[in-house]
Number of protein chains: 2
Amino acid sequence: MNLELTPVQAVACCSPLSREPLSASEAEGIAPLLKALADPVRLRLMSLVASHEGGEACVCDLNGAFDLSQPTISHHLKVLHAAGLLEREKRGVWVYYRARTDALANLAALIGGHSK
Amino acid sequence: MNLELTPVQAVACCSPLSREPLSASEAEGIAPLLKALADPVRLRLMSLVASHEGGEACVCDLNGAFDLSQPTISHHLKVLHAAGLLEREKRGVWVYYRARTDALANLAALIGGHSK
DNA sequence: CGTAAATATTTACACTCATCTATGTCTTAA
DNA sequence: TTAAGACATAGATGAGTGTAAATATTTACG
């Protein structure tokens, strides 16, 4: 049983980096989100999904964009989903992923924000 | 001899994630920046420096905030500096670090931005 | 049912990374 | 010159990670 908050829920907690020091626990909550994004393949996956028409894409749209095996892409999608950056929805044989733009916006505000 | 661009120079290249797919080379340029931030200790270091009065802090201000050895903090500062997120300046015995807020702003725009 | 297609899981491995201890370098002061 | 303090580097180690191959699961359709 796992009742922890997903990383995406932890990012809305804090004021921007430049405003006040992050506590240790806040930093430990946010780092996994950045870690999930900090990979070239996952960055491209996020941008492919986020910029895809309708704001979603199925795995079949994504596999072809990489020189990687299908299980590897599936693994990266799982990491992004576990971090809360992608939503998953199964429709028939296909699985559609959708970007959590709210999570991306919160993360961006944390990194680059100035005001409270 | 190392003539490569620092990661911080690579982040100003691209439109936001949600706007159009990132190319492989763009993603490979940006991922190291996120990787540098994707650690709880380095996140706290960045926020400690960025929110410190005058926008800078010396290592002596930072060491005490962690239960880590001085070489470990020095290592993390080096990683952030290599990524282009921190500037280094030696003044007398002390070394002062300053946050590259422009780099943070560019990164934030890439992650959370909407317009071109 | 049986088969094919789309996606996920498992296992294994090479590689990277965060951390420590020990040591080095540089600066200031006595 | 010697000593002490601030910070960096080097080397070692245990934990974590990206990838592929093989296999499993789920769904659709004869």
Side-chain angles (χ1 to χ4, degrees), chain A residues 2 4 7 22 24 27-46 48-49 52 56-83 85-98, chain B residues 2 7 22 24-25 27-46 48-49 52 56-83 85-98:
Chain A
N2 186 349
E4 291 178 4
L22 233 46
E28 281 164 16
I30 295 163
L33 250 182
L34 287 163
K35 221 169 186 178
L37 269 184
D39 177 274
V41 174
R42 291 197 290 267
L43 257 185
R44 289 182 62 200
L45 281 171
M46 278 303 296
L48 280 168
V49 171
H52 202 266
E56 65 179 14
C58 75
V59 182
C60 56
D61 293 325
L62 305 170
N63 274 327
F66 299 87
D67 265 350
L68 295 172
S69 67
Q70 172 267 319
T72 296
I73 299 300
S74 185
H75 160 72
H76 285 300
L77 289 168
K78 184 182 183 177
V79 171
L80 289 168
H81 176 61
L85 290 168
L86 286 180
E87 282 174 353
R88 243 187 74 121
E89 187 189 353
K90 186 162 190 175
R91 295 209 290 270
V93 187
W94 297 278
V95 173
Y96 288 81
Y97 284 91
R98 176 177 296 271
Chain B
N2 186 350
L22 233 45
S25 61
E28 282 163 15
I30 295 162
L33 251 182
L34 288 162
K35 220 170 186 176
L37 268 184
D39 177 275
V41 174
R42 291 198 288 268
L43 260 184
R44 289 182 63 200
L45 282 170
M46 278 302 297
L48 280 168
V49 172
H52 202 265
E56 64 179 14
C58 76
V59 182
C60 56
D61 292 325
L62 304 171
N63 274 327
F66 300 86
D67 265 350
L68 295 171
S69 68
Q70 173 265 320
T72 296
I73 299 300
S74 185
H75 160 72
H76 286 301
L77 289 169
K78 184 182 183 178
V79 170
L80 289 167
H81 176 62
L85 290 167
L86 285 181
E87 282 174 353
R88 241 187 75 117
E89 187 189 354
K90 185 162 189 174
R91 294 210 290 271
V93 187
W94 296 279
V95 174
Y96 288 82
Y97 283 92
R98 177 177 295 272

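Throughout, protein chains are lettered first and strands after them, A, B, ... in sequence-line order, and every chain is numbered starting at 1.
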What are the two closest heavy atoms between B:Leu62 and B:Phe66, and how far apart are they?
-> O-CD1, 3.3 Å
Can you find a side chain N or O atom of B:Thr72 that sits less than 4.0 Å from OP1 or OP2 on C:dC20?
-> yes
Search all heavy atoms of A:Leu37 against all heavy atoms of B:Leu34 and return the closest pair with its distance.
-> O-CD1, 3.8 Å
Do the side-chain N or O atoms of A:His75 get closer than 4.0 angstrom to the phosphate oxygens (OP1, OP2) of C:dT9?
-> no
When we call it a touch if two heavy atoms are under 4.0 Å apart, what does B:Phe66 touch: a base, just sugar-phosphate, or nothing?
-> nothing
Return the 5'-most residue of the pair A:Lys35, B:Val95 with respect to DNA chain D, ranking by each residue's nearest nucleotide.
-> B:Val95
Rounded interatomic separation in angstrom, taking CG from A:Leu62 and C1' from C:dA8 | 15 Å
Could you check if a side-chain atom of B:Arg91 sits within less than 4.5 angstrom of a side-chain atom of B:Glu89, using non-hydrogen atoms only?
-> yes
Which nucleotide in the set C:dT7, C:dT19, D:dT17 lies at the smallest distance from any side-chain heavy atom of A:Gln70?
-> C:dT7
Interatomic distance, B:Leu37 CG vs C:dA18 C1' [rounded to whole Å] = 16 Å
Give the rounded distance in Å between these two atoms: CG of A:Asp61 and C1' of C:dT7.
-> 13 Å
Residue pair A:Ala27 / B:Pro40: nearest heavy atoms and the distance that separates them = CB-O, 3.5 Å
Atom-pair distance (CG on A:Leu34; P on C:dA18), nearest Å = 13 Å
Can you name the closest pair of heavy atoms from B:Ala36 and B:Ala83 and give their distance?
-> CB-CB, 3.6 Å
Candidates C:dT7, D:dC7, C:dA8 - which lies nearest the side chain of B:Cys58 = D:dC7
Among C:dT27, D:dC7, C:dA6, find the nucleotide with the atom closest to the side chain of A:Trp94.
-> C:dA6
Identify the pairs formed between an N or O of the protein and an N or O of nucleotides 10-15 of chain C at a distance under 3.5 Å, and give each distance.
none

Check every strand shown and say whether B:Tyr96 touches a base, only sugar-phosphate, or nothing at a heavy-atom separation below 4.0 Å.
-> nothing
Begin with the C-alpha distance, continue with both residues' side-chain angles, and end with the deciding distance and a verdict on side chain to side chain contact (heavy atoms under 4.5 Å, CB included) for B:Glu87 and B:Tyr97.
-> CA-CA 5 Å; B:Glu87 282 174 353; B:Tyr97 283 92; over 6 Å; no
Under 4.0 Å between a side-chain N or O of B:Arg91 and OP1 or OP2 of C:dT27?
-> no
How bent is the helix from C:dC1-D:dG30 to C:dA30-D:dT1, comparing axes over its five end pairs at each side, to the nearest 10°?
-> 10°
In whole angstroms, the gap separating P of C:dA6 from CZ of A:Arg88 amounts to 16 Å
Touch check for A:His76, heavy atoms < 4.0 angstrom, all strands: base, sugar-phosphate only, or nothing?
-> sugar-phosphate
B:Leu45 and B:Leu86: CA distance, side-chain angles, deciding distance, side chain to side chain contact (heavy atoms under 4.5 Å, CB included) verdict = CA-CA 10 Å; B:Leu45 282 170; B:Leu86 285 181; 5.6 Å; no
Closest heavy-atom contact between A:Asp39 and A:Val41?
-> OD1-N, 2.9 Å
Give A:Leu68 one of three labels, base, sugar-phosphate or nothing, depending on what nucleic acid heavy atoms sit under 4.0 Å from its own.
-> sugar-phosphate
Taking OP1 and OP2 of D:dA8, is either one under 4.0 Å from a side-chain nitrogen or oxygen of B:Tyr97?
-> yes
Here the distance between atom P of C:dA6 and atom NZ of A:Lys90, to the nearest Å, is 13 Å
Given atom CG of B:Leu77 and atom P of D:dC7, what is their separation to the nearest angstrom?
-> 10 Å
Could you check how far CD of B:Glu89 sits from P of D:dA6, rounded to whole Å?
-> 19 Å
Can you name the nearest heavy-atom pair linking B:Glu56 to B:His52, along with the distance?
-> O-ND1, 2.8 Å
Any donor-acceptor pair under 3.5 Å from A:Asn63 side chain to A:Cys60 backbone = no
Hey, is the main chain of A:Ala65 close enough, under 3.5 Å, to the side chain of A:Arg44 for a donor-acceptor pair?
-> yes
Does B:Arg42 place a side-chain N or O at less than 4.0 Å from the phosphate oxygens OP1/OP2 of C:dA18?
-> yes
